[in-house]
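The block underneath contains the structure these notes are about, expressed in structure tokens.
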Amino acid sequence: MTLYARFAAHIDAVLDSLEAEGQLPAGLERRNVAVEPPRDAAHGDLATNAAMVLAKGAKTNPRALAGLIAPKLDELAEVERTEIAGPGFINIRLSPTIWQDELRAILVGGEAYGRSALGQGQRVNVEYVSANPTGPMHMGHCRGAVVGDALAALLEHAGYAVTREYYVNDAGAQVDTLARSAWLRYREALGESIGDIPEGLYPGDYLVPVGRKFAEEFGDRYAAAPESEWLQLFRRRTVDAMLELIRSDLALLGIHHDLFASEADVQASGAADRVLQTLRDKGLIYEGQLEAPKGETPEDWEPVELTLFRSTQFGDDQDRPMKKSDGSWTYFGADAAYHLQKAGKADQLINIWGADHSGTVKRIQAGVRALTDGRVELDVKIVNMVRLFRAGEPVKMSKRSGNFVTLREVVEEVGKDVVRFIMLTRRADAPLDFDFAKVVEASRDNPVFYVQYAHARISSLHRKAKEEGFDLSGESDLSLLDEDELSLVKVAAQYPRIVEAAAMAHEPHRIAFYLNDLAAAFHALWNKGNDDPSRRFLLAQSPELTRARLELASAIGQIIRNGLGLMGVAAAEEMQ
RNA sequence: GCGCCCGUAGCUCAGUUGGAUAGAGCACGAGCCUUCUAAGCUUGGGGUCACAGGUUCGAAUCCUGUCGGGCGCGCCA
């Protein structure tokens with residue numbers, strides 16, 4: 001139980017007793033009562049808004065109600081003193097032993113410190129990456145991959161049962177294009193001269209080894225055969241090869257999915273038909289026509305009868321087709337079936353999507369709501385684009401020519417840890433600039449460096465202590481730590497709260513920002529030793545104080561490791 | 001035309017889901033290295049939280065509208 005949860009319970013108990021004494025009407029809505037660290041540390045360690053939230057219902061004014069609550073909090077052993085401030089906040093200053101205990105708790109908890117049971121084992125399915133299996137991963141996919149993976153880890157940490165899933169779009173026309181492109185490479189591998197790759201096919205040379213493999217396996221059996229003889233086979237086999245490629249790219253980032261779900265399988269299983277029938281039974285399907293899209297009207301627009309889903313009943317702007325006029329499934333039709341499949345095994349769904357799919361969020365949420373009768377919630381996190389720079393100059397990319405920056409190139413240049421960290425240094429839905437020069441810069445401006453540097457300092461501190469023969473056995477006396485040192489503990493003690501809040505909000509970037517703050521607080525304390533040598537961590541003349549300070553440093557190091565671990569980043573023992 | 005996201009210091013961005021005097025970094029000014037790593041730290045100036053209304057004890061945060069920017073719109077995937 002976190003410190004904050006403990007105090008929330010204390011306040012609850014105080015309110016109960018006020019009710020029992022008849023000082024407070026029973027049954028007031030307490031949902032908005034919060035216990036938080038105040039923004040300004042001078043206000044104390046904790047603050048509660050209880051009096052302000054409840055005053056109206058209690059038909060009194062906030063400060064008067066605070067006057068009833070505060071004395072009861074004062075009676076707690078953990079509380080040093082309270083004061084009523086501003087419009088009716090109750091500020092609580094905790095006794096120093098609380099922070100000494102919390103420091104100990106961090107050390108005892110180790111890797112587990114910050115885990116919580118918030119999720120109560122609820123099943124969450126996080127679907128992320130889901131890049132089309134038509135080529136290697138490039139930078140466009142990278143951010144969603146990292147955000148999804150960090151979110152999955154975060155939720156796991158917060159007590160959810162997480163499935164990491166990848167949806168393979170292996171049913172659409174682009175897979176035909178892929179198969180034809182591979183067939184060309186296959187003929188090339190057989191010695192044919194294929195010239196330039198025709199417009200509309202995938203030109204990337206990652207298909208060359210695939211063609212070679214096919215040539216070895218099939219000989220010239222399909223070289224001159226009509227498409228009907230090889231297309232299905234080449235589709236399946238090329239998709240497999242691409243998935244292998246993608247999996248190895250993801251592995252470079254340390255990302256491993258539990259499940260790869262195939263769109264083609266979903267369609268073949270009849271799930272889409274069942275979904276259509278379910279919706280039909282609910283009266284949500286009709287045959288009709290769509291209006292031409294507004295804005296630029298396509299020249300080839302013709303109204304036709306389509307099988308439409310009444311997604312407008314669930315907040316969409318337009319009803320959406322489930323089936324095309326030729327009877328095949330639309331992407332949405334199959335996707336609805338896929339989401340129902342996921343919903344059958346989860347209590348909560350999360351999709352990580354690129355910004356280019358933001359327009360389709362409403363319809364799929366409508367579909368999930370209709371199909372699960374609102375039982376399962378679908379959150380779609382939109383991940384915005386990454387703009388690549390090299391020392392301030394934009395990096396030119398063109399997918400058409402196959403000249404895009406691959407994930408592999410980036411990881412090989414700057415390293416997995418840097419990529420993962422940087423991808424989490426901005427809110428997911430905001431665009432992010434990635435500058436190859438800046439992300440490896442050793443400066444305050446680079447959060448990866450800055451956080452790693454704090455950890456490296458802590459590691460070097462312990463190495464040094466060992467070298468200099470400090471006795472580190474046994475428990476230290478943490479009451480030797482002064483106010484500045486305990487204030488660092490206070491920052492560290494926020495970690496479990498940050499994890500829970502980030503998990504609830506589905507916002508892994510909060511961990512990165514928090515670590516940056518924690519590192520800043522540590523660097524600041526460290527540097528006090530510059531002005532005042534008695535503030536240094538290692539003091540030959542005070543072994544007891546040294547031990548206490550080393551424990552403090554260990555705890556900070558632990559939090560940094562835990563936080564970085566959530567982000568999938570390894571902590572540095574030393575900086576090169 | 002419509003939808004989604006966004007608009008916070010000169011620049012790049014946070015802002016604990018409605019809390020107190022809105023915070024960081026960069027840049028600019030002033031300091032701190034015979035050291036456990038100064039790759040850092042301290043400190044100063046810098047704000048109409050796009051604008052206008054509304055909701056309430058209280059709004060950068062919620063609602064409505066306006067202006068500006070990004071992404072998108074299809075029987076594509």
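These numbers come from a predicted model, not from an experiment. Letters A, B, ... are given to chains in the order of the sequence lines, protein chains preceding strands, and every chain is numbered from 1.
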*H462(A): what forms a ring pair (Phe, Tyr, Trp, His ring centres under 6.0 Å) with it, not counting sequence neighbours?*
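So H462(A) forms no ring pair (Phe, Tyr, Trp, His ring centres under 6.0 Å) with any residue.
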
[Y] backbone acceptor or donor facing [X] side chain under 3.5 Å:
X       : Y       : result
H339(A) : D335(A) : yes
R535(A) : N527(A) : no
N91(A)  : A47(A)  : no
Y338(A) : A271(A) : no
T238(A) : R235(A) : no

Under 4.0 Å from OP1 or OP2 of [N]: is there any side-chain N or O of [X] that close?
X       : N       : result
K528(A) : rU42(B) : no
H506(A) : rU17(B) : no
Y450(A) : rU37(B) : no
R320(A) : rG74(B) : yes
K323(A) : rC75(B) : no
K56(A)  : rG58(B) : no
Q289(A) : rC75(B) : no
R363(A) : rG74(B) : yes

_Sidechain N-carboxylate O distance under 4.0 Å for K342(A), E127(A)_ =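 Salt bridge: yes.
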
Just how far, in rounded Å, is [atom2] of [N] from [atom1] of [X]?
X       : N       : atom1 : atom2 : result
D445(A) : rG25(B) : CG    : P     : 10 Å
Y453(A) : rC41(B) : OH    : P     : 9 Å
H509(A) : rA24(B) : NE2   : C1'   : 14 Å

_R497(A) to Y4(A), cation-pi by 6.0 Å centre distance and 45° axis angle_ =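 Flagged: R497(A) positioned over aromatic ring of Y4(A).
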
Flag as yes if [X] stacks onto the base of [N] (centroids under 5.5 Å, planes under 30°), otherwise no.
X       : N       : value
H523(A) : rA39(B) : no
H357(A) : rG72(B) : no
W526(A) : rG40(B) : no

Quick one: label [X] by what it contacts on the DNA or RNA (base, sugar-phosphate, nothing), any heavy atom closer than 4.0 Å.
X       : answer
P321(A) : sugar-phosphate
N132(A) : sugar-phosphate
A505(A) : base
P38(A)  : base
A173(A) : sugar-phosphate
D429(A) : sugar-phosphate

_Could you spell out the base pairing of RNA chain B as a dot-bracket line? Use Watson-Crick and G-U wobble contacts where both distances are under 3.5 Å, [ ] for crossing pairs, | for partners on a different strand._
(((((((..((((.....[...)))).(((((.......))))).....(((((..]....))))))))))))....

*Could you go step by step and tell me if E485(A) and R549(A) meet the salt bridge (Lys or Arg N to Asp or Glu O under 4.0 Å) rule?*
CA-CA 8 Å; E485(A) 288 155 339; R549(A) 288 182 178 172; 2.6 Å; yes

*Close aromatic pair by centroid cut-off 6.0 Å: Y453(A) and H523(A)*: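 Between H523(A) and Y453(A), which both carry aromatic rings, the centre distance is below 6.0 Å.
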
*Would you jot down, in residue-number order, the residues of residues 454-461 of chain A having a non-hydrogen atom under 4.0 Å from RNA chain B?*
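Per residue number, the list reads R457(A), S460(A).
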
*What are the residues of residues 325-334 of chain A, sorted by number, that bring a heavy atom to within less than 4.0 Å of RNA chain B?*
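Here the set is S325(A), T330(A), Y331(A).
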
*Using the test side chain to side chain contact (heavy atoms under 4.5 Å, CB included), find all partners of A571(A) that sit at least two apart in sequence or belong to another chain.*
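Checked A571(A) against side chain to side chain contact (heavy atoms under 4.5 Å, CB included); matches are Q452(A), H455(A), R561(A), L564(A).
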
*Indicate syn or anti for rU66(B), taking the glycosidic torsion and treating anything within 90° of 0 as syn.*
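You should classify rU66(B) as anti.
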
Establish whether the base of [N] is bridged to the side chain of [X] by a donor-acceptor pair shorter than 3.5 Å.
X       : N       : answer
D517(A) : rA24(B) : no
R39(A)  : rU16(B) : yes
R497(A) : rU16(B) : yes

*Mind jotting down which residue pairs meet the side chain to side chain donor-acceptor pair (under 3.5 Å) criterion with at least one end in residues 378-388 of chain A? Sequence neighbours excluded, please.*
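Residue pairs with at least one partner in residues 378-388 of chain A: D379(A)-H506(A), R387(A)-D433(A).
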
*For the residue pair A50(A) and I69(A), what are the closest heavy atoms and their distance?*
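Smallest heavy-atom distance, with atoms named: CB-CD1, 4.2 Å.
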
*Nearest to the side chain of E507(A) - rC32(B), rA14(B), rG15(B)?*
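The closest nucleotide is rG15(B).
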
